[in-house]
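Note that these values count all heavy atoms, side chains included, but never hydrogens, waters or copies made by symmetry. To find a chain, count down the sequence lines: A is the first, B the second, and so on, and within it residues start at 1.
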Amino acid sequence: MQLAHRHDWSLTPSEAIALQQRMRAEVIADQPLDVDAVRLVAGVDVSVRDNVSQAAVVVLRFPELTIVETVLAAAPTPFPYVPGLLSFREGPVLEEAFRKLKHTPDVFIFDGMGIAHPRRLGIASHMGLWLGLPTIGCGKTRLCGRHEAVGPDKGDAAPLIDRGETIGVALRTRAGTNPVFISPGHLCDLPSAVTLILRTTPKFRLPEPVRAAHKAAGAMASQDR
DNA sequence: GCGACAG
DNA sequence: ATCTTGTCGC
């Protein structure tokens with residue numbers, strides 16, 4: 001699929017922050033997504049090995065969750081990991097992968113945050129603006145905001161609040177495992193995001209699209225933290 | 001000045 | 001994210 005060029009990726013941390021401040025105004029995170037109309041869901045992930053970033057985008061049919069397309073892209077890792085600036089590290093190689101897609105997903109699920117970010121522009125929101133399509137953030141750990149204890153059953157959730165604003169939820173996707181952090185990326189609201197995440201997470205802690213992308217990106221080491 | 005801190 | 005074995009539990 002094609003996507004319009006939004007901006008240069010070669011920025012200093014200071015410039016990157018300024019860009020986030022400008023782009024946050026374009027994000028639409030209060031629009032319902034018709035989950036029942038979704039036909040294709042994509043999982044997005046990037047693994048890093050020896051300064052090389054390997055991106056993977058896997059498209060699955062919904063609600064069957066069967067894989068219909070996998071695209072890969074690799075490039076030198078251009079930016080260090082800085083909390084709050086993840087999109088400037090993974091964005092370039094993801095842009096390359098998105099351009100290779102033959103199918104146009106109805107929604108993308110990212111391994112990271114949407115608006116649950118200090119400047120409300122996590123990687124799912126940022127790339128959502130590049131894509132011009134619905135995106136959702138699904139992180140394994142919290143970046144910002146606070147929440148009360150989450151119930152023990154699948155589907156239990158606790159609002160993630162930052163500076164008096166609800167930016168997402170800590171969601172239990174499987175009993176006995178830590179909750180995941182869900183937030184709207186772009187062109188999607190929180191209730192819709194939670195609904196889609198639960199419908200794409202039939203067995204494990206992480207949504208099938210994200211698991212498939214993680215696997216395709218080649219992150220085969222022992223993972224924790 | 002001291003913590004917190006997606007992947 | 002990545003470096004890494006065995007082990008506990010369903």
Nucleotide dG7(B), atom P - distance to OH of Tyr81(A) in whole Å:
7 Å
Measure from the side-chain heavy atoms of Arg142(A) and tell me the nearest of dT2(C), dA6(B), dC5(B).
dC5(B)
Leu143(A) side chain: which of dA1(C), dG7(B), dA6(B) is closest?
dA6(B)
Are a donor atom and an acceptor atom from the side chains of His7(A) and Trp130(A) found within less than 3.5 Å of each other?
yes
Salt bridge or not for Lys203(A) and Glu208(A), using N-O below 4.0 Å?
no
May I have the distance from Gln54(A) (atom CD) to dG7(B) (atom C1'), rounded to whole angstrom?
15 Å
Any carboxylate oxygen within less than 4.0 angstrom of a Lys/Arg side-chain nitrogen, looking at Arg61(A) and Glu64(A)?
no
For Gly137(A), which contact category applies under a 4.0 Å heavy-atom criterion: base, sugar-phosphate, or nothing?
nothing
dA6(B) phosphate, OP1 or OP2: any side-chain N/O from Lys140(A) under 4.0 angstrom?
no
What's Gly139(A) touching, base or sugar-phosphate or nothing? Going by heavy atoms closer than 4.0 Å.
sugar-phosphate
Using OP1 and OP2 only, check whether a side-chain N or O of Thr141(A) sits under 4.0 Å from dG7(B).
yes
For atom NE2 of His126(A) and atom P of dA6(B), their distance in whole Å
19 Å
Mind telling me whether Phe88(A) and Phe79(A) have parallel, tilted or perpendicular rings, with 30° and 60° as the class edges?
tilted
Quick one about Thr77(A) and Ser53(A) (side-chain donor to acceptor, distance below 3.5 Å, no hydrogens or angles considered), yes or no?
yes
Roughly, in whole Å, what's the span from CZ in Phe110(A) to P in dG7(B)?
14 Å
Would you mind reading off the distance between Asn51(A) atom CG and dC3(C) atom P, rounded to a whole angstrom?
14 Å
Any Lys/Arg nitrogen of Lys100(A) or Glu69(A) sitting under 4.0 Å from an Asp/Glu carboxylate oxygen of the other?
no
Is the terminal nitrogen or CZ of Arg39(A) (NZ for Lys, CZ for Arg) located under 6.0 angstrom from the six-membered ring centre of Phe62(A) and within 45° of that ring's axis?
no
Let me know the distance between CZ of Arg89(A) and P of dG7(B), rounded to the nearest Å.
12 Å
Looking at Asp45(A) and Arg211(A), does any basic side-chain N land under 4.0 Å from a carboxylate oxygen?
no
Distance, rounded to the nearest Å, where Leu85(A) contributes CG and dA1(C) contributes P:
18 Å
Tell me the closest heavy-atom pair linking Pro105(A) and Leu133(A), and the distance in Å.
O-CD1, 3.8 Å
Please enumerate all residues that pass side chain to side chain contact (heavy atoms under 4.5 Å, CB included) together with Ala216(A), with sequence neighbours excluded.
Ala56(A), Val58(A), Thr70(A), Leu72(A)
Watson-Crick and G-U pairing of DNA chain B written in dot-bracket, each distance under 3.5 angstrom, with | for inter-strand partners:
.......
Distance, rounded to the nearest Å, where Arg120(A) contributes CZ and dA6(B) contributes P
15 Å
Presence of His214(A) side-chain N/O under 4.0 Å of dA1(C) phosphate oxygens OP1/OP2
yes
Under a cut-off of 3.5 Å for both distances of each Watson-Crick or G-U pair, what dot-bracket string does DNA chain C give, using [ ] for crossing pairs and | for inter-strand pairs?
..........
